[in-house]
Amino acid sequence: MAVPEDPPVRVRIAPSPTGFAHLGTASTALYNVLFARQTAGTFVLRIDDTDMERNRPEYEALIYESLRWLALDWDEGPDKGGPHAPYRQSERVDIYREEAARLIKEGHAYRCYCTPEELEAERRQAQAEKRAYKYSRRCLTNPPEGRSVFAVRFQVPGGEIRFTDMVRGEMRFDADLIGDFIIVKSDGYPTYQFASPVDDARMEITHVIRGEEHLSNTPYQLMLVDALGYPRPQAYAHMPLILARDGAKMSKRKHPELNLAIYREQGYLPEALLNYLALLGWNPGTEQEIFSFDELLQSFSFDRVQHGGARFDWEKLNWINGEYIRRLSDDELARRVQPFVSQLDADTIRRAVPALKTRLHKLADAVGYLDYLWTDPPAPSLDEETSLRVRAAADALKPVAWEPEPIESALEKAVLESGVSKGRFYNPLRDVLTGKKVALPIHYAFALLPKDKALSRLERAA
RNA sequence: GGCCCGUUCGUCUAGUGGACCAGGACGCCGGCCUUUCAAGCCGGAGAUCACGGGUUCGAAUCCCGUACGGGCUACCA
């Protein structure tokens, strides 16, 4: 894609630390990283913390943590530094102030003394007259006297704004429809609409890859870039939004899947999440579903990105995660399961893995299969006949070496001698041993529990 | 309200004028395997291609309109 005389590719994400780290941030970061690695470019992390009301440093830490967990590492950022430091917008306010002053001086922006109430009234008026609202430019033509609190507004030049979107092709917007907008708030901080293009320009960002919600913002930012005299980014890529299951926009309260932390907590493998995210809104044009990161690097391209939003689907994620779990080596799976069953020693976990592997959709599922190892199940009441068989099982197991294979053959023999079906014989045993209807295969269930404990559970019940 | 983006099985999608009475994946249903649950294998149901016009010998694919969904229109990002 890059032609020799093009400057080296630089891309960025600019998440806002106003809450937990978002799924959308991971998705956008993935596409940025893919493009950066494909072009031997640089991936920049910039923290967009100009909303003084909602920013918190601990939220910034969550962003780092989540991106690192996903192995979406950045080349430049607040914690790493780089040639365009600082990378935190709150530390760049001098730059925005200078740029705003320059715009005012050159007649591209002006101070606006209107109060929120006055603006609200203007808006309502327009609505009542069924007019599209545009700021009246009162403060440009006839500013009120004697006020000191002001915001800075950009004087929109109008005209047609065109740009290239790598997903959607050539875009055009009619800027005559856009009213003069605020670029510096009355608290002195820049708005997103201002800080973002200024930083993109000064950080020499060549390709802006971001969510579709910014598509309509692009003409605002391009006008600013032009007025400031910076070169425009070469291209944009507006990626489809991730929607909730019901097709609505995700909300923090109703949609836990928005929070990146829960994927780690529930035992989704980061590489599986990335695979799923890549497939939400993009497809390779082949029937391949499982992609290593390197394979994604090979096949990803913006011209195969979907134009419409995609709904998030736990079922498909679960399937992909299960595929990844099954492809892990036994040792690796044991290592990854470990934090979820911290009650158990490494050896027990390792021995459970062969039986566990095909049964997990996510690592946290291991708890349900293994918790009988550290909690005593209630002893069920058994009828006479069943008790007899449980006792027979206990007797058969007493002399046996405590490994799945010998346990299995001893039990098979006991089944034969009992004259009942395997199901009739095994179901009560499973219940007594684990307290559950669903468990690992019975010989594993036995072998994982220390022999004396297993036998005493049988004897206690019979 | 205005502007922008979108609309193919429940979901993610393939499809760029004839090979499509629409293919794959997840999920669902049935079977095999089986001590439970999975995994695996085999098979199945499931889409009047949002709707209405047009262009064309021929349209899911091109054009127009409508409906629906989403985004932006904030001194949020």
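The chains referred to below are lettered A, B, ... by the order of the sequence lines, with proteins before strands, and numbering in each begins at 1. Source: prediction; values computed, not measured.
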Rounded interatomic separation in angstrom, taking CG from A:L280 and P from B:A25: 18 Å
Sugar-phosphate only, base, or nothing, as touched by A:D48 at under 4.0 Å among non-hydrogen atoms: sugar-phosphate
Touch class at under 4.0 angstrom, heavy-atom based, for A:H238 against every strand present: nothing
Beyond-backbone contact of A:L344 with A:W374, side-chain heavy atoms, under 4.5 angstrom: yes
Ion pair check, A:D365 and A:R359, cut-off under 4.0 Å: no
Greater than 12 external heavy atoms within 6.0 Å of A:R424's CZ: no
Touch class at under 4.0 angstrom, heavy-atom based, for A:E53 against every strand present: nothing
Touch class at under 4.0 angstrom, heavy-atom based, for A:C114 against every strand present: base
Sugar-phosphate, base or nothing in reach of A:T18, heavy atoms under 4.0 Å: nothing
Among B:G10, B:C76, B:A74, the nucleotide that comes nearest once only the side chain of A:I182 is considered: B:A74
A:N217 vs B:C72: side-chain N/O to OP1/OP2 distance below 4.0 Å: no
d(CD1, A:I242; P, B:G69) in whole Å: 22 Å
B:A25 versus B:G71 - spacing of their C1' atoms, nearest Å: 29 Å
Complementary nucleotide for B:U36 - Watson-Crick or wobble, under 3.5 Å: none
Sugar-phosphate, base or nothing in reach of A:F312, heavy atoms under 4.0 Å: nothing
B:A77 OP1/OP2 closer than 4.0 Å to side-chain N/O of A:K185: yes
Sugar-phosphate only, base, or nothing, as touched by A:K249 at under 4.0 Å among non-hydrogen atoms: sugar-phosphate
Side chain of A:R311 (C-beta onward), nearest among B:U11, B:U73, B:C4: B:U11
Lys/Arg N to Asp/Glu carboxylate O, A:D371 vs A:K436, below 4.0 Å: yes
Separation of B:A77 P from A:F194 CZ (nearest whole Å): 13 Å
Interatomic distance where OH belongs to A:Y220 and C1' belongs to B:A74 [whole Å]: 10 Å
B:C5 phosphate, OP1 or OP2, under 4.0 Å from A:H307 side-chain N/O: no
A:Q306 CD to B:G70 C1', straight-line distance once rounded to whole Å: 14 Å
Atom-pair distance (CE on A:M250; P on B:A77), nearest Å: 23 Å
B/S/- contact track for nucleotides 27-44 of chain B, protein heavy atom under 4.0 Å: S-------BBBBSS----
Length of the line joining A:R172:CZ and B:C72:C1', which is rounded to integer Å: 20 Å
Nucleotide of B:A14, B:G70, B:U73 approaching A:E212 most closely (side-chain heavy atoms): B:G70
Nearest-nucleotide comparison on RNA chain B, the residue closer to the 5′ end among A:D51 and A:L241: A:L241
Side-chain donor/acceptor contact of A:S186 with base of B:C75 under 3.5 Å: yes
Touch class at under 4.0 angstrom, heavy-atom based, for A:R131 against every strand present: nothing
Non-hydrogen side-chain atoms of A:L411 and A:L429 separated by less than 4.5 Å: yes
Touch class at under 4.0 angstrom, heavy-atom based, for A:Y276 against every strand present: nothing
Sugar-phosphate only, base, or nothing, as touched by A:G281 at under 4.0 Å among non-hydrogen atoms: sugar-phosphate
A:H214 side chain, from C-beta outward: closest of B:A74, B:C4, B:A77: B:A77
Nucleotide nearest A:E287 when distance is taken to its side chain, options B:G71, B:C75, B:G24: B:G24
Touch class at under 4.0 angstrom, heavy-atom based, for A:R168 against every strand present: sugar-phosphate
Salt bridge A:R168-A:E212, side-chain N to carboxylate O under 4.0 Å: yes
Side-chain ion pair, A:E98 and A:R102, N-O less than 4.0 Å: no
Residues A:T218 and A:H238: side-chain donor-acceptor under 3.5 angstrom: yes
Pair A:E99 + A:R202: basic N to acidic O under 4.0 Å: yes
Spacing of A:L243 atom CG relative to B:G10 atom P, expressed in whole Å: 17 Å
Touch class at under 4.0 angstrom, heavy-atom based, for A:R210 against every strand present: nothing
A:L119 side-chain proximity, nearest of B:G2, B:G24, B:C75: B:C75
A:K316 and A:D313 ion-paired at < 4.0 Å: no
